[in-house]
Amino acid sequence: MMRRWLVGWFLLSILSSPMAAEPSTRVAWTPEVLRAVRAGDAGKGGRLAEACQACHGENRAAEAPSLNGQLATYLYRQLRDYQDGSRQHPVMSAIASGLSEADMADLAAFYSTLPAPDTKRDFRAAPDLVVRGDSKRLIPPCAICHGGKGQGEPVDTPRLAGQSRAYLRDTLLAYRSGQRHNDIYRRMRAMAERLSAEEIDELAAYYASLE
């Protein structure tokens, strides 16, 4: 029942959006692309990631995301999106421009093998939007896509548990304003546009606390 409701919400969001025809990403999850990501070499990725630690290491800035334990498919697509301009960032776009597809698969493999934060918080304490959503505003429960513990779901729905609160808040605000637009089927923009600033902060605080 919940899955059917979600499919209906996606279709309505797409059809009602004036930007429905806008491509969000150029990555297509073909069998060949999935095999390339699975073939990523974590050892090589670890060596490449040495240059990433200033921003994404243990002492990362609050606005920089944690990559440890993130889904390899999600990380690979973000790097591809930075490279081709589907997602833009002054630092990451420049870094991604110098990576080969094998490099991106290797980096994704490395970070996906690192221990992810533990999700020890009682899920029953989650905001209503996480568990139930808001059908009146066509907002599905976050848990449908991101998992019951914020762990993410294949193929590339990201892990949110233990992520930086500032990063999550800024990301939702970027989706709400349209500044970030590499979400497949426009689903994150459609949801974020219906959220208040207070709700965005509450969701960011909740998922950041799952560690």
Side-chain angles (χ1 to χ4, degrees), residues 24-27 29 33-34 36-121 142 145-147 149-175 179-184 188 203-211:
S24 57
T25 179
R26 294 181 175 87
V27 176
W29 290 118
V33 173
L34 288 171
V37 175
R38 286 195 293 267
D41 186 320
K44 292 180 180 178
R47 291 189 287 275
L48 287 170
E50 291 176 4
C52 309
Q53 295 310 298
C55 292
H56 297 289
E58 292 184 4
N59 298 316
R60 68 183 186 280
E63 63 272 14
S66 170
L67 304 183
N68 293 10
Q70 188 58 273
L71 297 176
T73 46
Y74 178 76
L75 292 175
Y76 173 83
R77 183 170 72 83
Q78 299 313 304
L79 288 169
R80 285 278 305 273
D81 286 353
Y82 279 130
Q83 189 177 72
D84 66 29
S86 297
R87 182 177 178 184
Q88 298 179 354
H89 185 276
V91 175
M92 286 305 305
S93 297
I95 291 173
S97 68
L99 297 175
S100 68
E101 291 189 17
D103 290 337
M104 290 185 270
D106 293 343
L107 280 165
F110 169 69
Y111 279 111
S112 71
T113 62
L114 296 181
D118 293 329
T119 54
K120 295 179 179 178
R121 183 171 174 178
C142 305
C145 292
H146 293 283
K149 295 183 178 180
Q151 75 273 16
E153 299 286 352
V155 166
D156 74 348
T157 303
R159 177 187 181 90
L160 303 182
Q163 190 56 268
S164 160
R165 177 177 179 175
Y167 176 75
L168 290 172
R169 183 187 62 243
D170 292 348
T171 297
L172 283 169
L173 289 172
Y175 277 131
Q179 178 185 358
R180 180 171 172 180
H181 47 78
N182 71 324
D183 51 328
I184 298 175
M188 283 303 304
L203 288 169
Y206 169 71
Y207 280 113
S209 74
L210 293 177
E211 56 184 358

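Note that the CE atom of M104 and the OH atom of Y76 stand 5.5 Å from one another [nearest 0.5 Å]. Between the CD atom in Q151 and the CG atom in L71 there is a gap of 9.0 Å [rounded to 0.5 Å]. Interatomic distance, R169 CZ to E63 CD, rounded to the nearest 0.5 Å: 10.0 Å. The CG atom of N59 sits 10.0 Å away from atom CD of Q53, with the distance rounded to the nearest 0.5 Å. Within the model, atoms CG of L79 and CZ of R87 stand 9.5 Å from one another, a figure rounded to the nearest 0.5 Å. Rounding to the nearest 0.5 angstrom, the gap separating the NE2 atom in H89 from the CD atom in Q179 is 9.5 Å.
For A108 against A72, the heavy-atom pair with the smallest separation is CB-O, 3.3 Å. When every heavy atom of S24 is checked against every heavy atom of S86, the shortest pair comes out as O-CB, 3.6 Å. Residue P158 comes nearest to H146 through the heavy atom pair O-ND1, 3.0 Å, listed as atom of the first residue, atom of the second, then distance. In terms of heavy-atom proximity, S112 sits nearest to A109 at OG-O, 2.9 Å. Annotation for V37 and A105: closest pair CA-CB, 4.2 Å, computed over non-hydrogen atoms. For C55 against R60, the heavy-atom pair with the smallest separation is O-CB, 2.7 Å.
The backbone N or O of L99 lies less than 3.5 Å from a partner atom in the side chain of Q83, making a donor-acceptor pair. At least one donor-acceptor pair closer than 3.5 Å links the side chain of D106 to the backbone N or O of D41. Side-chain atoms of T113 come within 3.5 Å of backbone N or O of F110 as a donor-acceptor pair. Counting only distance, with no hydrogens or angles, the side chain of R159 and the backbone of G69 share no donor-acceptor pair below 3.5 Å.
You'll find the side chain of I95 reaches within 4.5 Å of the side chain of M92, heavy atoms only. Within the 4.5 Å cutoff, the side chain of L172 has heavy atoms near those of the M188 side chain. Considering only heavy atoms from C-beta on, E153 stays 4.5 Å or farther from C145 through its side chain. In this structure the side chain of I184 reaches within 4.5 angstrom of the side chain of D156, judged on heavy atoms. Residues L168 and L160 are in side-chain contact: their nearest non-hydrogen atoms beyond the backbone lie under 4.5 Å apart.
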Item to check | Worked check of side chain to side chain contact (heavy atoms under 4.5 Å, CB included) between K149 and L210 | outcome: CA-CA 8 Å; K149 295 183 178 180; L210 293 177; 5.5 Å; no

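Side chains of N68 and S66: no donor on one and acceptor on the other come within 3.5 Å. Between N182 and Q78, the side chains place a donor N or O and an acceptor N or O closer than 3.5 Å (distance only, hydrogens not considered).
Using the six-membered ring where Trp is involved, Y111 and H56 have ring planes that are perpendicular, over 60° apart on the 30 and 60° scheme.
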